[in-house]
Amino acid sequence: MRGPLVAGISVPRIEGMAKVRGEERYASDITGPGILWAVARRAGIPSGILRSLGDEPVSMDGVVAVCKADSIEGENLLGVLEPDQPVLVPLGGRIRYRGDPVAVVVADTRERAEAAARALTVEIDPLPAVFDPPEALSPDAPLLYPDREGGNLLVSGWVRRGDAKSVLEDCDLVEEDVFRFPMQEHAYLETESGVALYDGENLEMEVSTQNPWRDRDELSRALGLPRERIRVKAPCLGGGFGGKDGVVIQGILGAAAMACPGRTVKMVFSREESFLCSPKRHSSVTEMTLGCSSDGFLRAIRCRFTLDSGAYASMSVPVLTNGLDHCCGAYRFEAVELEGRAVYTNNPFGGAFRAFGAPQVMGALEQLVDRLAKRLGMDPLEFRKKNGLVRGDMNGSGVVLTSTVGAVPCLDRALEQEIWTSREEWRNSAPEGKARSTGAALICHGQGFGPGIPDFANARIELTEEGRFRLYSGIPDMGQGNGSTYVHLAGEPLCQERDRFDLVQPDTDRSLRSGPAAASRTTYIYGRALLAAVDELKRRMYVKAGMVLGAREDDLVLLPGRMRCISSGRELPLEVLAGFMELPERCSVAGSLAPVSFPGPETDYGPKNSGFPHCIFSWAVHVARVEVDLFTGQVSVPRYLAVTEAGRVVNPQMYRQQVEGGVAQGLGYALFEDFSVKNGEVVSKDLSTYIIPTSMDLPEVECLAVELDEPSGPKGLKGLGELPLIGPLPAVANGLANICGPLTASPFTAERVFFSLSGGARDEGRV
Amino acid sequence: MKVEFNLNGEDLSMELSGDERVLDILRDRVGIPSCREGCGTGECGACTVLVDGESRLSCLMVSAQLDGKTVTTVEGIRDLPRWAPLFESFDRLGAVQCGYCTPGMVLAAVDLLTRNPDPSRDEVRIALSGNICRCTGYRAIVDAVMEGAEIMRGLSL
């Protein structure tokens, strides 16, 4: 696009061409002469006590260091909310899953480091293990943390409003079921990777991460280095989706670097290691009951869901509370009774993954809603419209919605789309041996953190001596394009072209702390801070230009590359203007605290202060056409519509990317992705056994935006990252239910669908 | 063993053990970072290179297979006017998100368009099906290949 940036117009991302040309440098691409490679040795046993570690690698060719827990001087513990995860398991320490690292070997080549790590003798006294959450809660279950109050129950929470039990008894129609969804793997193309250099005093790390500042804090505590002696840089990530929101590689990489002062150490997880050791979307069991009146009003909901947290807490607590917050979806209820729990087991651990607990509950809710509509003989979208939240309503968590609410506008838009109005024709057009149907879902996702976690960002923008604008991003770009959106947001008020901006990716020494790339918060909160910083910079530029040109400030206007005096026509190029300004004047900083939560509504709720409830949401209606091969059970989704309300659209191209990408991952979750774990061992170890969608598997998604103007959002926008992932599973399930009956275990593989078609016993899935 | 091959127009002669992966040779010995590892087992396509003009997975090739071959990565074609419309379409149409898969995706497209300058959308989807993208849902990538191809046909390059 030529000309200054304008909100609402598509602009390609700022680093797009560098990525196409292969010039963008990811953490895994950093290389140089003399670089060392680190490889971790993993326990390989799901439960036990580490007894001894051999010294074999020390004498092997090329080996520079063997780092064990005793060489770590800090607390050796990682974990954002609960520091329960050792960087390296110490002798006598506990092994809690197969991926626990017991040592890191550093050598001059990756092959030698791998060989040396393999050669290391590891003696572990096995202990009984537990892999199933309900079993883990039984009184005689082996305890992962024997000294921990609460045993294997990591956290439980509840929400109660009204008397759900008696309202349900009074309901005319009730639907209930148990839904089982497996773990999901992020499967970002770039596995965990980074380089680190310790010079004897300072540790510098460039790593694929969603939150360099929190990494720095965690590394400081775990490795025993003061925070100011640690620098973490986040280049562009090769995908993240939540899986890089937390320390996965940083701890062992830092420990390896500190064992080799003066040498750059590189570490890249193999795909298999990434699958074993990165956090997963929690597998879940959701037991839900939903009741409505005969005239089609939803009245009460009861839900109990259980998440398998695996060996470590990671983000399980906020994932659980976010799940509770989304249990009631986009609907009004008289009475609500929700209960959730996350349980430690000896499985790989659950953590952050796009939509953070919401898919596990809305995947159930939206199927039950459809069943009620069907029993009432109502159009499922009309039924949703009747019950959908509007501004001023109280949502399931007891929050009176005072912000933009797009549920009903999205339903209205979906109702008039051809994919919906022609669904009878689609159903009747099935060729022999196939069946066709259309399913829909209404979804929502909260914006930012909930109470207890201040949702702030600090922006920094600078007019350089060359008359350019340097924008210091505080939040990593894992591919969603937030960095470019920051440029877009700043470009309009500054009236500048995209090419006049330089974007600095997050760096704890240069940009400012702004929290993680997570929780659909990134553009919203950093954008708020940035617009404030831009305002201040503009003000100073006008003051200075007024002085230089001898003009009143209201006689000046900022144009691409220059300031112009309206009455005289004299112009001041920005590089000349910058020459009159000292660095502190040219550099503007502003912070913002997002109004996305408040202390809490009138509801009985626990646990406190862990991200419940949200008060601003984005909304969407998803519609899927499905086709089933009646002989094989094979499911295809040839057409898909997403109608989304996430405030105003700043960059339609990137908006569409978020929607399509989320739907792609959601369709993967619905149809193919089965992260299979047996006895704590990952069975789907690679991309040939863990199937993610290819270009042959996905429909071309129709994307419609309902643009309500969110007054609290920068340029009226709201967050969008997580929302689109939630819809595909229930939309597809609702389509399939018309063909083969209810499907309560996912993914909806040909085998499951065929089994259901042939009237087999209920498939309980595997959790 | 001594392995001689042509990389992006330059003749190279290297002393290699016969079982080194071509991916590692390109990344770590020659310094071609755009050739990336996503899986190491031939599933994701991030390490795609052109060998004698055909797309191959460098993680599944060993050094001995390089001898006498011509290897092309995006570094070898990104400044050729012939392919400029394809690069520009990827950028302009938003076919790039995290970008980690993109060079491999471009090379798979180059292989297709060399054989078939006027493919259908389905043919593009089939040609790209060995290259996984976790971000886009592929629609924009297919758009980019279709539009790039159309512009290139117009230019008769």
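Chain letters run A, B, ... following the sequence lines, proteins first and then strands; every chain starts at 1. Note that the structure is a prediction, hence the values are computed from the model and not measured.
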Trainee: Looking at B:Arg36 and A:Glu24, is there a salt bridge between them, counting it only when a charged N and a carboxylate O are closer than 4.0 Å?
Mentor: no
Trainee: With no hydrogens and no angle check, do the side chains of B:Tyr138 and A:Thr694 hold a donor and an acceptor under 3.5 Å apart?
Mentor: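 No, no side-chain donor-acceptor contact under 3.5 Å.
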Trainee: In Å and rounded to the nearest 0.5 Å, what is the CG to CD1 distance from A:Asp29 to B:Ile32?
Mentor: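 A:Asp29 CG to B:Ile32 CD1: 11.5 Å, rounded to 0.5 Å.
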Trainee: Give a yes or no answer on whether the side chain of A:Arg21 reaches the backbone of B:Val74 with a donor-acceptor pair at less than 3.5 Å.
Mentor: no
Trainee: How far does CZ of A:Arg13 sit from CG of B:Asp91, to the nearest 0.5 angstrom?
Mentor: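 Rounded to the nearest 0.5 Å, the CZ-CG separation comes out at 9.5 Å.
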Trainee: What distance separates B:Arg27 CZ from A:Ser28 OG, expressed to the nearest 0.5 Å?
Mentor: 5.5 Å
Trainee: Do the side chain of A:Gln657 and the main chain of B:Gly94 share a donor and acceptor less than 3.5 angstrom apart?
Mentor: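 Flag set: sc A:Gln657 to bb B:Gly94 pair under 3.5 Å.
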Trainee: In Å, rounded to the nearest 0.5 Å, how long is the span from CD of B:Glu43 to CD1 of A:Ile692?
Mentor: 10.0 Å
Trainee: Regarding A:Glu700 and B:Arg125, does a basic nitrogen lie under 4.0 Å from an acidic carboxylate oxygen?
Mentor: yes
Trainee: Between the side chains of B:Arg139 and A:Glu660, is the shortest nitrogen-to-carboxylate-oxygen separation below 4.0 Å, so that they form an ion pair?
Mentor: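 Yes, this pair counts.
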Trainee: Can you tell me which portion of A:Glu111 sits under 4.5 Å from chain B's heavy atoms? Options are side chain, backbone, both or neither.
Mentor: side chain
Trainee: Within a 6.0 Å radius of atom NZ on A:Lys685, are there more than 12 heavy atoms belonging to other residues, nucleotides or ligands?
Mentor: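 Yes, enclosed.
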Trainee: Non-hydrogen atoms of chain A under 4.5 Å away: do they reach the side chain of B:Ile77, the backbone, both or neither?
Mentor: neither
Trainee: Is the shortest distance from a Lys or Arg side-chain nitrogen in B:Asp28 or A:Arg110 to a carboxylate oxygen in the other one below 4.0 Å?
Mentor: no
Trainee: For chain B, find which of A:Ala664, A:Pro693, A:Gly22 contributes the most heavy-atom pairs closer than 4.5 angstrom.
Mentor: A:Gly22
